Number of protein chains: 4
Amino acid sequence: MSEHPSPRKRRKEARPSELTAAALALFVERGFAATRLEDVAARAGVSKGTLYLYFDSKEALFKAVIQEGIMPVVTEGESIMAQHDGDTFELLGRLLENLWAGIGETPFAGIPKLMVAEAHNFPEVTQFYYENVIRRGRGLVGAALERGMARGEFRSLPVDTAIDVVIAPILMLLIWRASLARCQGSPVDPGEYLAVYMDLLRRGLQRSQV
Amino acid sequence: MSEHPSPRKRRKEARPSELTAAALALFVERGFAATRLEDVAARAGVSKGTLYLYFDSKEALFKAVIQEGIMPVVTEGESIMAQHDGDTFELLGRLLENLWAGIGETPFAGIPKLMVAEAHNFPEVTQFYYENVIRRGRGLVGAALERGMARGEFRSLPVDTAIDVVIAPILMLLIWRASLARCQGSPVDPGEYLAVYMDLLRRGLQRSQV
Amino acid sequence: MSEHPSPRKRRKEARPSELTAAALALFVERGFAATRLEDVAARAGVSKGTLYLYFDSKEALFKAVIQEGIMPVVTEGESIMAQHDGDTFELLGRLLENLWAGIGETPFAGIPKLMVAEAHNFPEVTQFYYENVIRRGRGLVGAALERGMARGEFRSLPVDTAIDVVIAPILMLLIWRASLARCQGSPVDPGEYLAVYMDLLRRGLQRSQV
Amino acid sequence: MSEHPSPRKRRKEARPSELTAAALALFVERGFAATRLEDVAARAGVSKGTLYLYFDSKEALFKAVIQEGIMPVVTEGESIMAQHDGDTFELLGRLLENLWAGIGETPFAGIPKLMVAEAHNFPEVTQFYYENVIRRGRGLVGAALERGMARGEFRSLPVDTAIDVVIAPILMLLIWRASLARCQGSPVDPGEYLAVYMDLLRRGLQRSQV
DNA sequence: AATGAATGAGGCTTCATTCAT
DNA sequence: AATGAATGAAGCCTCATTCAT
């Protein structure tokens with residue numbers, strides 16, 4: 001019994017994330033305002049009223065969607081960083097692999113698009129996301145860049161700006177796949193995209209050979 | 001007399017773009033669904049009903065916002081491309097400058113964010129945008145990459161994928177400034193961002209020196 | 001000049017009835033509330049604002065439509081009645097002929113349907129119509145019935161009720177042709193309808209032959 | 001338990017006809033366009049939104065009002081017709097009695113006025129009404145007339161036209177009582193009206209005695 | 001006299017939220 | 001815990017009316 005909690009209980013504990021999963025999918029697809037709670041409930045296989053047993057309001061649901069979303073990946077990234085030993089560009093590659101495995105191929109891949117679209121309407125959530133995801137993510141990349149420069153692997157760069165430049169193609173890939181790529185053809189092969197990008201980045205960061 | 005057409009008339013001709021300008025600003029800020037036509041009207045200094053003298057519906061207004069927005073810049077880009085003579089990376093720089101002057105520093109800068117957020121909800125407009133902006137924009141960059149490769153300036157690359165990688169940081173800058181950068185600090189200096197990016201790009205594309 | 005008033009003047013004087021004619025047609029077709037003044041104006045070939053030069057409001061236009069409509073026919077009927085000499089059933093026939101010529105085949109034919117539909121919404125106009133059309137019309141028919149009874153042509157009848165029964169098929173023909181007959185097939189040949197009805201009426205009113 | 005389904009459920013099943021009843025009353029009184037759904041809801045003792053749980057739109061409510069309205073009476077009439085044996089004029093009397101009991105003294109009495117007023121605005125509903133009520137009603141009366149002629153009770157008549165003539169006073173009584181009679185005095189005693197009419201009709205149809 | 005651009009009150013409709021079952 | 005009927009605030013849109021030209 002202690003090993004198999006009753007299915008009802010398991011269900012009950014699983015409910016909130018079933019609900020946020022449904023909400024995430026629809027928020028990403030249609031935007032927050034255009035998503036109806038009735039549709040969220042239907043997608044999660046419950047009734048409209050049930051949503052309110054777990055979330056106080058539509059906005060609370062939105063917050064939960066974002067907060068459940070991405071932080072674990074950042075934490076993992078920080079641990080990869082801490083443990084890494086050796087070539088810095090390889091470190092960047094590992095961070096990217098980790099990011100892609102933990103987000104890129106999961107439903108969370110839609111979160112950046114969602115945050116971009118709704119940032120203005122939810123300053124509080126945006127603040128949270130900024131502190132817990134963006135700041136820490138930029139910190140990771142910044143630390144890697146400085147490590148590479150310190151070790152003489154990368155050429156000298158204005159780190160704060162370079163962070164944004166380095167992250168941009170990854171973010172853009174996520175956003176693109178969550179928006180236009182879904183409607184129009186333009187499928188984009190993420191593997192090739194990331195390979196081309198990492199190649200470009202390696203050459204672009206590399207200290208000029210004498 | 002010919003110099004002063006009735007102010008009534010002058011107004012009537014100017015109205016549509018006054019209205020789309022107001023709508024663009026609010027659509028970008030809040031998203032389509034969360035924008036109230038009453039606020040659009042107020043921002044344009046007219047009453048709610050006046051909107052309907054010029055646009056049949058909220059959706060028609062959205063379409064007009066997108067369609068009026070960006071195409072001229074693409075056309076200019078094509079003409080720059082056609083006339084260019086000489087170094088290909090310099091060509092990329094000119095295209096970027098033109099893009100930035102025509103969009104980056106104008107209210108149209110918000111359109112990519114808007115399209116990303118609403119693509120799913122307006123397949124028809126998305127189709128239009130894809131055909132008239134994205135396809136042509138990708139064509140331009142692709143032609144430039146091939147030109148550089150043909151002239152031995154750039155190393156060999158899978159063009160179709162490289163296009164997306166090359167454009168991503170520019171798009172992301174626009175999107176970023178239209179969303180989170182507006183709420184949170186992280187101001188991003190576009191001049192420095194673009195300089196760092198172009199530097200990275202130049203090194204990344206360059207054919208390996210022997 | 002006195003014989004040919006300037007076309008502008010003629011136009012000006014003709015305007016009100018051009019407008020009520022247009023309004024009548026649309027009010028009958030769609031009902032008062034569902035008729036847009038813009039459509040009335042368009043049908044009369046003027047602009048929306050012009051309506052307000054002649055009528056204070058939509059309701060005033062409605063009143064004018066009704067008031068211009070039918071009274072002349074009633075007056076004519078009263079004069080026919082006064083001059084008639086001889087067979088009473090023939091009198092009824094003449095009244096009907098006059099009614100049909102003055103209303104049945106004119107645009108005014110739609111007025112009964114219009115009054116029936118809008119009576120509740122315009123008590124004042126209804127009052128007017130009742131006093132000036134219905135009461136006088138019933139008076140005419142009532143007088144004819146009494147004349148026929150007094151002359152021993154018609155059998156004895158409760159006049160007040162018989163009036164309504166006698167008028168009903170005529171009214172119904174007008175109403176029918178202004179409503180369902182226009183949408184659905186069921187064309188109804190008024191000539192035959194009236195003939196059958198008058199025949200029925202004649203036999204129905206006739207004093208039983210001994 | 002089987003006797004008391006939850007009051008919730010009982011209510012839910014009763015709602016649609018509570019709503020159409022309220023709507024019928026107001027549509028007849030004011031016309032479709034001039035009736036506000038808020039008033040319909042208030043008359044049914046529910047809120048505006050509740051209407052939309054049962055009907056998709058104002059127009060759908062209108063359709064339901066008409067479709068729920070009258071058909072049963074026609075069906076009953078057809079069964080009376082089939083079972084009748086004997087004098088044909090007596091058959092007409094029974095049909096009328098049935099009509100009056102099933103419509104004339106019920107709220108459905110307003111439907112003919114409503115259809116007459118709105119026929120043009122709802123061609124689809126008009127079509128439905130024509131097929132299901134008018135055509136079948138005319139069929140009934142036509143069959144009765146032919147029966148009477150075949151049995152030598154009625155004189156020879158052009159049936160198709162006579163149908164309309166025969167029905168007209170009944171329809172007109174319904175329409176009249178739903179419109180002007182409500183506002184103005186002219187109360188009309190239906191009992192006397194129908195008696196006078198049936199008397200007129202009997203004599204009018206009767207084969208001339210030799 | 002005539003126009004038609006502009007207004008804004010008012011109605012239909014949607015949907016987040018509540019609550020009796 | 002779960003439901004889904006009911007609510008009513010809020011937004012899109014229409015159209016009678018006004019008024020500068």
Side-chain angles (χ1 to χ4, degrees), chain A residues 8-9 11-12 15 32-42 45-61, chain B residues 5-13 15 33-41 44-61, chain C residues 8-9 11-12 15 32-42 45-61, chain D residues 5-13 15 33-41 44-61:
Chain A
R8 166 164 289 191
K9 186 147 200 178
R11 197 62 190 282
K12 184 189 161 189
R15 268 285 149 75
F32 175 81
T35 296
R36 301 170 347 154
L37 287 189
E38 187 153 13
D39 291 341
V40 173
V46 301
S47 76
K48 228 181 336 171
T50 301
L51 276 173
Y52 283 84
L53 297 175
Y54 297 94
F55 303 97
D56 286 345
S57 67
K58 195 182 183 187
E59 186 163 345
L61 178 59
Chain B
S6 87
R8 194 71 164 280
K9 189 151 204 173
R10 232 183 313 131
R11 201 62 192 277
K12 168 138 201 234
E13 278 159 13
R15 272 284 147 76
T35 297
R36 301 178 337 173
L37 287 189
E38 188 153 13
D39 291 341
V40 174
V46 301
S47 75
K48 236 182 323 172
T50 300
L51 277 171
Y52 286 84
L53 297 177
Y54 299 93
F55 303 98
D56 285 344
S57 67
K58 194 182 183 186
E59 185 163 344
L61 178 59
Chain C
R8 165 163 291 191
K9 187 146 200 179
R11 196 62 188 281
K12 185 187 161 188
R15 270 286 149 76
F32 176 80
T35 296
R36 301 172 346 155
L37 288 189
E38 187 154 12
D39 291 341
V40 174
V46 302
S47 77
K48 228 182 334 173
T50 301
L51 276 173
Y52 283 84
L53 298 175
Y54 297 94
F55 304 98
D56 286 345
S57 67
K58 195 184 182 185
E59 185 163 345
L61 177 61
Chain D
S6 87
R8 193 72 164 279
K9 190 153 205 172
R10 233 182 312 132
R11 201 61 191 277
K12 171 143 199 231
E13 278 159 14
R15 271 284 148 74
T35 297
R36 301 177 340 172
L37 286 188
E38 189 154 12
D39 291 341
V40 174
V46 301
S47 74
K48 235 181 324 174
T50 300
L51 278 172
Y52 285 84
L53 297 177
Y54 299 93
F55 302 97
D56 284 345
S57 66
K58 194 183 183 185
E59 184 163 344
L61 178 59

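A, B, ... follow the sequence lines: proteins, then strands. Residue 1 opens every chain. On a predicted model such as this, the values are computed, not experimentally measured, just so you know.
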Of the listed nucleotides [options], the one nearest the side chain of [X]:
| X | options | answer |
| --- | --- | --- |
| C/R36 | E/dT7, E/dT13, F/dA16 | F/dA16 |
| B/L37 | F/dC12, E/dT7, E/dT13 | F/dC12 |
| D/Y52 | F/dT7, E/dC12, F/dT17 | E/dC12 |

Review point. Is there side-chain contact between D/R15 and D/V46, with at least one heavy-atom pair below 4.5 Å?
Key: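 D/R15 vs D/V46: side chains touch.
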Check your understanding: Between C/Y52 and C/L37, is any pair of side-chain heavy atoms under 4.5 Å apart?
Key ->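 Side chain of C/Y52 against side chain of C/L37, heavy atoms only: contact under 4.5 Å found.
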Rounded to whole Å, please give me the gap between [atom1] in [X] and [atom2] in [N].
| X | N | atom1 | atom2 | value |
| --- | --- | --- | --- | --- |
| D/L53 | E/dT13 | CG | C1' | 12 Å |
| C/E38 | F/dT14 | CD | C1' | 11 Å |
| A/D39 | E/dC15 | CG | P | 8 Å |
| C/L51 | F/dC19 | CG | C1' | 16 Å |

Practice item. Mind listing the closest non-hydrogen atom pair of B/A33 and A/A33 along with its distance? Key: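 Minimum heavy-atom separation between B/A33 and A/A33: CB-CB, 3.6 Å.
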Check your understanding: Any side-chain N or O of A/R15 under 4.0 Å from OP1/OP2 of F/dA2?
Key ->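 Looking at the OP1 and OP2 atoms of F/dA2, one of them is under 4.0 Å from a side-chain N or O of A/R15.
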Exercise for review: Give a yes or no on whether a donor-acceptor pair under 3.5 Å exists between the nucleobase atoms of F/dT7, that is its base, and the side chain of D/K48.
Suggested key: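 No, no donor-acceptor pair under 3.5 Å.
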Check your understanding: How do C/A34 and D/Y54 order along DNA chain F: which one's closest nucleotide is nearer the 5' end?
Key ->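 Here D/Y54 is the residue nearer the 5' end.
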Practice item. Would you kindly compare C/A33 and D/V46 by the position of their nearest DNA chain F nucleotide and give the one closer to the 5′ end? Key: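 In this pair, the answer is D/V46.
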Check your understanding: Would you find a donor on one side and an acceptor on the other, under 3.5 Å apart, between the side chain of C/K48 and the backbone of C/D39?
Key ->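 No, C/K48 side chain to C/D39 backbone: no donor-acceptor pair under 3.5 Å.
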**Study point:** 5′-ward residue of the pair A/D56/C/T50 relative to DNA chain E
**Key:**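 Its nearest nucleotide lies further toward 5', so the answer is C/T50.
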Exercise for review: Tell me the partner of E/dA20, counting only Watson-Crick (N1-N3 plus N6-O4 or O6-N4) or G-U wobble (N1-O2 and O6-N3) with both under 3.5 Å; none if nothing fits.
Suggested key: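 Here E/dA20 is engaged in a pair, and the nucleotide opposite it is F/dT3.
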